[in-house]
Structures are given as C-alpha cells and as structure tokens.
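Each ligand, and each atom within it, is numbered from 1 in the order the structure gives.
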Amino acid sequence: MSKYIINGPARLNGIFQPSGAKNAALKMIAASLLTKEKVILENCPDILDVRSLIDLIESLGAKTSFSNNVLEIDPSKVNKFRPDDKIAKKIRASIVLVGPLIARFNKAQIAHPGGCLIGNRPLDAHMEVFKQYGVKVESKKNSYNFSTLKLIGAKTFPCLSVTATENAIMTAVLASGISVVYAAAAEPEIKDLILMLRSMGAKIKGAGTHNVTIEGVKKLSGTRFRIIPDRIEIGTIVCAALATNSEITINDVREKDMGNFIYKLESLGAKFKIENSQLTVLKSKIISGKIDTRTYPGFSTDLQSPTAALLTQAHGKSRKFETLFENRFNFISELNKMGAKIKQINDFVIEISGPTNMTGAKIESSDLRAGAALVIAGLIAKGKTVINNIDIFERGYEKWENKLSNLGVEIIKEE
Ligand code: UD1
C-alpha cells in the first residue's frame, strides 16, 4: 500500500495536463475484443484500473504492450470467454467485457464484478439488455453465465446506465440486423467509444444522444484511436485550484464535455477564463450553494466528493444531494478529522458549513473519488497530511504526485 504525504497549505501555480479519460479507455480496451486486428489506443491513462483491464484481456489470450500512454493490443489469439476471476472481482468495469465476448463467442462468463464500495450498484440493466438480445443469462454462485445461438439485433433499454449502454452498443455491432438503444446514457466517453467503433467499421448513428441505432456488420477491423481527455480529472484539479485560491491553467479542456460543472461552479462564485481548449482557473471567492448529482450533462457524481472538499472553504452552508449512489460520502469522517464541518443528513444528503480551517492529519482513502476529496483536503490543510491507501485513488488518477509537484505542491509518494 502506498501513501501520499502533503505539506500544506498549498498554492498551485502553472499548467496542468490531464490524462486520457479512464471511463473511455476501459471500454475501448474491452472493444478491442471485437476484432482480430491490432488496436492502438493513444492518450491511454496509465492508471491501476487500465492495468487491471489489460490484465483481464491478457487472461483471455490478448497480447499487449503499453508505454508512454500508447497501448497496443493484439487480440488475434483471444480464445477464452471467461476473464480471470480474481481480477474481474477487483474492478466493476470488468462487466463491459461481457458484450464484446458474447459478440465474439456467442457466450461469456464473468465472476461477480467488484469495484469501489459506493453502494449496492446493481447490474439488472445489463442483464435486461443481454436478455433483450435473446441471450440466456444465468446467475451462478460465483459467476454470471451468458449464451446465445446467434446474436440478432434488438431494441434495448439500458435506462441511462453508462456501462449498460456500452454493453448494449458493443453487443450489437456484430449482431445481424438493426439494434436501437433507447434511453441510452449520453456521457462523452460513450460518444468517444462510438467514434472508436466507427473507426473500426461499425455502423452506428446517434453518438452522444439518448437514441443510438446500430446496423450490425460482419467484421470489424483494427484501429488507431486517440482517447479524449478525462473530464473528471479536469474537474478534480479545478476544485483543487479553487479550494486553495490558486490560479492555474488546464490544457485540453473540451468545455462542452464538462456538462453543467463549469456553470454550476460559476454560480458559486468561481471565475474562469476559457480560450480555445485552455481553461484558466482564476482566484475566486466561493460561496455556499446546493449541488445535486445527475446523469450527464447534469453534475457528475464522480465530481461530488472533490466539490465537497472545495465547499469546506465556501462561505455559508452548502447542501449536497447524491442521486446516483448511496455510499458516496465515505470521505466525511476523514475531512472532519482535519477540521471540516460536514454533517450527514441521510444516505443521500450532506450539509457542509464553511469556511473552516483545516489542519493536516493521518487519513485513509476508502474509494476512488473519496480519495480525490482527501487529496484536495491535504492541499487546503496547514501542516502534514498523510493519506494512506492512496492506491485506490490511483485507480483513476495518473501520477498525481508528479502533476501536483509540477504545480508547486510539496508532495511525496511513499510505497
Ligand atoms: C459509470 C462510471 C462511474 C460513474 C457512473 C455514473 C465507468 C467505468 N464508471 O459507472 O465512474 O460514477 O457511471 O456516471 O464508466 N443502475 C441500476 N442497474 C444497473 C446499472 C446501474 O440500477 O444495472 C443504477 C446505479 O445504481 C446508479 C445509476 O444506475 O444509480 C447509474 O449507474 P451506472 O451509470 O450504471 O454506473 P456505472 O456504469 O457502473
């Protein structure tokens, strides 16, 4: 287990380069199973979740090489339809291997997927999608088993679930006939996956909308594709800059991909300058407010905890309403140890009183996005903050000890 040691309070200064989007990369690695030709992903983030997905496709027979954020996948020798149980259980996104595996083998098996401890996280929408394609779904003690004689296009309803939408699309690209995904989630990473599939020869209309139409093709080719920047990482560093009253510039920001994040923060007093794809966070006085998480383009649940850390520095009482997951407030006790005043009203609502003076403490990260809140708290706090179990944060954030250190933060990582 690794830890970050941060000496605060920090003042950030300089230019931040975001990595490629985790939530696009993982699905694109899964999508490589849909072809027998080489897939090259540029701007692929070197994070633990990506490493886990690579291990999973290697356990199926794929060969990979990964350096300087370029991931090369040779899926020609994939000959298994059940990824390694141990790794599959570590990462919930392993469920996105199922659609491509069914498309390739007409069958798939997967150990019950794990992931962050942020609530119940049901998979019923995925199972419904597979059944709508005529796939037999069996829930066994240790795995889900899927089988079909032939995949035929269908209408599916993934109910705005991100990964279920991706499974619905990836299962359909090689099915015979037309499929329509109604109530598709429309996150930018899903649009990027569709663009990648199109570059492989898939026929898909409606990218970035709630109705996606797929005309099945017989075969997909390899591709070389560049992954979009990670909007969640961008949102996290924006919160870090605002929370420390810093001025920084962030490269590769696609404003339209940020949903309502920028406008919501502006309504709380944040000041930004956006020029081309560069976003400069200006020194701002943040006031309290209400934030409800929603599906895209609403306020991302993944940015809920980083903004909670920011709101500890806002003037007044703020309220957070988490509408997607029930255990996404795991950071409260750790931030309160440092002097924050955060009260949990119920499973979905918290109240934050600010501004509060924070002091360094020994804290522990319990899930990926909670980890982001703790890192921001460490930047705000006076003195030494030790964040144990930082590996869980590194599931989604690439080399932040280097990125923060480049912005002038006193931070070290200890293995
Ligand atoms: C994806 C993202 C995650 C993000 C989440 C919501 C990946 C790898 N992860 O997770 O970072 O926080 O979207 O934007 O892309 N639901 C069901 N039944 C299902 C599936 C989901 O009821 O079968 C519910 C969930 O409990 C939740 C909501 O739908 O309330 C959205 O979840 P979903 O979009 O599926 O999240 P993930 O795809 O797991």
Side-chain angles (χ1 to χ4, degrees), residues 20-31 45 47-53 56 88 90-99 110 112-132 137 139 144 156-170 181 183-194 210 227-228 230-236 257-261 292-307 321-330 347-348 367-373 392-393 395-397:
K22 163 177 102 65
N23 286 349
L26 299 175
K27 326 318 167 44
M28 292 179 188
I29 295 170
I47 49 177
L48 295 182
D49 273 10
V50 161
R51 293 275 173 186
S52 298
L53 245 280
L56 280 171
K90 264 195 346 204
I91 167 169
R92 177 177 159 93
S94 57
I95 191 71
V96 293
L97 291 167
V98 173
I110 189 129
H112 298 290
C116 272
L117 300 173
I118 55 167
N120 189 15
R121 304 195 86 174
L123 290 171
D124 53 308
H126 295 256
M127 301 309 156
E128 278 311 307
V129 160
F130 295 128
K131 285 181 196 161
Q132 284 151 2
V137 177
S139 179
Y144 290 107
T156 61
F157 299 84
C159 303
L160 296 183
S161 158
V162 170
T163 40
T165 297
E166 291 158 338
N167 261 330
I169 295 168
M170 291 193 282
V181 185
E187 270 68 1
E189 294 77 19
I190 302 175
K191 182 174 177 186
D192 211 34
L193 171 67
I194 293 175
H210 295 302
I227 301 172
I228 52 169
D230 195 309
R231 67 192 162 98
I232 306 301
E233 188 190 16
I234 292 169
T236 306
D257 284 355
M258 298 302 295
N260 77 346
F261 176 76
D292 296 358
T293 62
R294 301 279 169 204
T295 52
Y296 184 84
F299 201 93
S300 167
T301 171
D302 290 343
L303 287 170
Q304 184 270 109
S305 34
T307 25
F321 180 19
E322 168 59 60
T323 68
L324 278 95
F325 299 112
E326 64 265 35
N327 277 340
R328 271 219 146 159
F329 296 133
N330 295 329
D347 278 355
F348 297 95
D367 70 66
L368 165 58
R369 304 301 171 189
I392 207 158
F393 169 75
R395 285 185 43 196
Y397 293 84

> Is it the side chain (CB and beyond), the backbone, both or neither of Arg328 that lies under 4.0 Å from ligand 1, heavy atoms counted?
Replying inline: side chain

> Charged N to carboxylate O below 4.0 Å: is that the case for Asp49 and Lys22?
Replying inline: yes

> Where does Asp302 meet ligand 1, judged by heavy-atom distances below 4.0 Å: at the side chain, the backbone, both, or neither?
Replying inline: side chain

> Relative to ligand 1, is Tyr296 under 4.0 angstrom through side chain, backbone, both or neither, heavy atoms considered?
Replying inline: neither

>> So does Gln304 get a backbone contact from the side chain of Thr307, meaning a donor-acceptor N/O pair under 3.5 Å?
In response: yes

>> Just so I know, are the side chains of Phe393 and Arg369 near enough to count as touching, which here means a heavy-atom distance under 4.5 Å?
In response: no

>> ring-ring contact (aromatic ring centres under 6.0 Å, His included), that's the test. Do Phe348 and Phe321 meet it? Break it down for me.
In response: CA-CA 6 Å; Phe348 297 95; Phe321 180 19; 7.0 Å; no

> Against heavy atoms of Arg92, which atoms of ligand 1 measure under 4.0 Å?
Replying inline: 39 (O)

> What is the ring orientation for Phe261 with Phe299, classed by angle as parallel under 30°, tilted 30 to 60°, or perpendicular over 60°?
Replying inline: tilted

> Taking N or O atoms only and a 3.5 Å limit, does Arg369 qualify as a polar contact for ligand 1?
Replying inline: no

> Taking atom 16 (N) of ligand 1 as the point of reference, which of Pro122, Cys159, Gly396 owns the nearest heavy atom?
Replying inline: Pro122

>> Below 3.5 Å, N or O to N or O, backbone or side chain included: is there any such pair between Ala93 and ligand 1?
In response: no

>> Only heavy atoms of His126, strictly under 4.0 Å: list the atoms of ligand 1 that pass.
In response: 23 (O)

> Looking only at heavy atoms, is any part of Met127 under 4.0 Å from ligand 1, and if so is it the side chain, the backbone, or both, or is it neither?
Replying inline: neither

>> Using a 3.5 Å distance criterion without hydrogens, assess whether the side chain of Asn167 forms a donor-acceptor pair with backbone atoms of Ile95.
In response: yes

> Do NZ/NE/NH1/NH2 and the carboxylate oxygens of Arg328 and Glu322 come within less than 4.0 Å?
Replying inline: no

>> Closer than 3.5 angstrom, by distance alone: can the side chain of Asp192 be matched with the main-chain N or O of Ile228 as a donor-acceptor pair?
In response: yes

> For atom 30 (O) of ligand 1, which candidate among Thr293, Asp124, Leu324, Leu193 holds the nearest heavy atom?
Replying inline: Leu324

> Within less than 4.0 angstrom of ligand 1, does Ala185 place any heavy atom?
Replying inline: no

> Short N/O distance, under 3.5 Å, between Ser161 and ligand 1?
Replying inline: yes

> Between the main-chain N or O of Phe157 and the side-chain N or O of Gln132, is there a donor-acceptor pair closer than 3.5 Å?
Replying inline: yes

>> Any nitrogen or oxygen of Val162 lying under 3.5 Å from a nitrogen or oxygen in ligand 1? Just yes or no.
In response: yes

> Within the side chain of Thr301, is there an N or O that forms a donor-acceptor pair under 3.5 Å with the backbone of Thr293?
Replying inline: no

> Can you tell which part of Lys27 has a heavy atom less than 4.0 Å from ligand 1: side chain, backbone, both or neither?
Replying inline: side chain

>> Can you tell me which portion of Thr163 lies within the under-4.0 Å heavy-atom range of ligand 1? Options are side chain, backbone, both, or neither.
In response: both

